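Below you'll find the structure, written out as structure tokens, and then a few comments.
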Amino acid sequence: MALTRTSSDSIQPEQQQQHAPRNLTLNGEDSRVQRAWTHWTNLGRPKLIVAPMVDNSELPFRMLCRKYGAQAAYTPMLHSRIFSETEKYRNEEFTTCKEDRPLFVQFCANDPDVLLEAAQRVEPYCDYVDINLGCPQRIAKRGNYGAFLMDNLPLVKSLVEKLALNLEVPVSCKIRLFPKLEDTLKYARMLEEAGCLLLAVHGRTRDEKDGSKFRADWKAIKAVKDAVRIPVLANGNIRHMDDVKDCLEATGAEGVLSAETLLENPALFAGFRTAEWVSGCEGDFVDGNLDQADLLIEYLNLCEKYPVPWRIIRSHVHKLLGDWFSLQPQIREDFNKQYKITFEYLYDMVDQLRATGTRIPLYLKRTETEPTDTDQYS
């Protein structure tokens with residue numbers, strides 16, 4: 001499998017760190033729990049994690065987020081059957097490099113044997129194979145995967161058990177909440193007993209698709225954390241570093257996942273905020289000498305090093321430059337008209353935006369030692 005196609009530091013299977021030998025017979029709950037925590041500790045107990053995002057958490061974006069504080073990351077959701085059957089899909093949709101760790105490789109699946117075949121192809125290159133049990137989109141309903149497997153718990157259990165009994169690398173699962181908390185807790189315990197060694201909990205139900213309308217339920221995530229003995233990650237409501245602190249305190253989770261906010265602000269985990277999240281308390285923040293155009297340039301540089309399909313690059317351009325495009329719609333319209341884009345075109349487009357004199361900075365919290373405007377004149 002071609003993991004990176006142009007980088008000199010791409011990894012081949014023989015270069016991978018070898019996982020410790022594993023006793024394939026599960027010697028009771030205590031041994032599973034001990035293995036879960038030993039593995040998590042050996043990874044450094046990462047707290048700041050890039051969530052899985054279809055067509056958006058690919059290698060260049062993961063590496064950009066890692067530069068700005070992310071301590072672990074998920075791949076985009078990969079379709080286990082297509083991944084097993086199609087070399088082109090594998091080469092385009094799953095790329096990594098030696099610095100891209102800790103790494104969760106996420107699959108959607110509804111057939112244990114097909115899932116295992118896909119998982120065995122990636123286990124030398126990752127720290128967890130993750131099963132997507134949380135996708136709420138219509139395509140997941142049609143394909144019978146993601147959150148719609150909540151209607152078939154015996155199948156979910158068989159997916160987890162198949163991987164847990166046959167992989168060297170640990171199995172993780174990403175789930176959503178049932179409408180009734182007690183059902184969610186039973187679900188979490190079932191996954192743990194089946195061999196899941198890490199659980200990421202999106203604090204919304206399957207029907208609560210719009211994160212702007214539905215706040216994630218941190219109390220429910222805490223209840224899951226208290227109900228299981230394996231590491232738990234919290235997903236939902238992470239817009240800036242104050243949310244990270246509040247979420248960890250409220251849930252007791254080992255770490256947090258962020259998705260949509262990272263697309264607009266890949267420097268979130270380094271403490272940067274967009275103007276939206278400093279509104280009303282501007283005096284507490286300063287220009288961080290970084291903006292989304294700067295981040296886009298860094299992202300494009302990474303794409304030149306680690307090639308990805310152009311549809312993914314287009315998506316990131318719109319996410320990162322959305323505020324700029326709203327002020328300069330003619331530049332956005334020209335971009336949208338481009339049937340085929342090039343890196344040269346994109347770099348020139350950023351220069352055009354900057355030439356308009358418009359700047360939309362990212363902000364950092366003012367440090368206690370930094371004088372405020374009133375201090376300067378007292």
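Because the structure is predicted, anything quoted here is derived from the model rather than measured.
Remark: side-chain polar atoms of E264 are not paired, donor with acceptor, to backbone N or O of K319 under 3.5 angstrom. No side-chain donor-acceptor contact under 3.5 Å links Q328 to the backbone of F325. With T342 contributing its side chain and Y345 its backbone, the two residues share a donor-acceptor pair below 3.5 Å. Side chain of T86 to backbone of K88: no donor-acceptor contact under 3.5 angstrom is found. For the pair T261 (side chain) and I238 (backbone), a donor-acceptor distance under 3.5 Å is present.
Sparse packing is recorded around CD of Q34, with 12 or fewer heavy atoms of other residues, nucleotides or ligands lying under 6.0 Å away.
When ring centroids are compared, F272 and Y363 stay outside the 6.0 Å threshold. Remark: aromatic rings of H79 and Y89 are distant, center separation not under 6.0 Å.
Between the NZ atom of K162 and the CD atom of E117 there is a distance of 11.5 Å, given to the nearest 0.5 Å.
The pair E249-K245 counts as a salt bridge, with a side-chain nitrogen and a carboxylate oxygen less than 4.0 angstrom apart. The residues D287 and R359 are annotated as salt-bridged, a charged nitrogen and a carboxylate oxygen being separated by less than 4.0 angstrom.
Side-chain contact, R204 with N237: a donor N or O sits under 3.5 Å from an acceptor N or O. Using a 3.5 Å distance cut-off with no hydrogens or angles, the side chains of E298 and Y68 do pair a donor with an acceptor. H39 and D127 share no donor-acceptor pair across their side chains, judged by distance under 3.5 Å alone.
Heavy-atom minimum distance, V171 versus A164: CG2-N, 3.6 Å.
Checking F104, Y128, F94 one by one against Y74, the ring pair (Phe, Tyr, Trp, His ring centres under 6.0 Å) holds for a single residue, F104.
Applying the salt bridge (Lys or Arg N to Asp or Glu O under 4.0 Å) test to every pair with at least one member in residues 43-66, sequence neighbours left out, gives these pairs: D55-R311, R62-D100, R66-D100.
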Show which side-chain atoms of residues 216-232 pair as donor or acceptor with protein atoms under 3.5 Å away, not counting sequence neighbours.
| residue | atom | partner | partner atom | Å |
| --- | --- | --- | --- | --- |
| D217 | OD1 | K219 | N | 3.1 |
| D217 | OD1 | A220 | N | 3.0 |
| W218 | NE1 | G236 | O | 3.0 |
| K222 | NZ | D226 | OD2 | 3.4 |
| K225 | NZ | E254 | OE1 | 3.0 |
| K225 | NZ | E254 | OE2 | 2.8 |
| R229 | NH1 | E29 | OE2 | 3.3 |
| R229 | NH1 | D30 | OD1 | 3.0 |
| R229 | NH2 | D30 | OD1 | 3.1 |

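Because its NZ or CZ atom is not both nearer than 6.0 Å to the ring centre of Y145 and within 45° of the ring axis, R81 does not count as a cation-pi partner of that residue.
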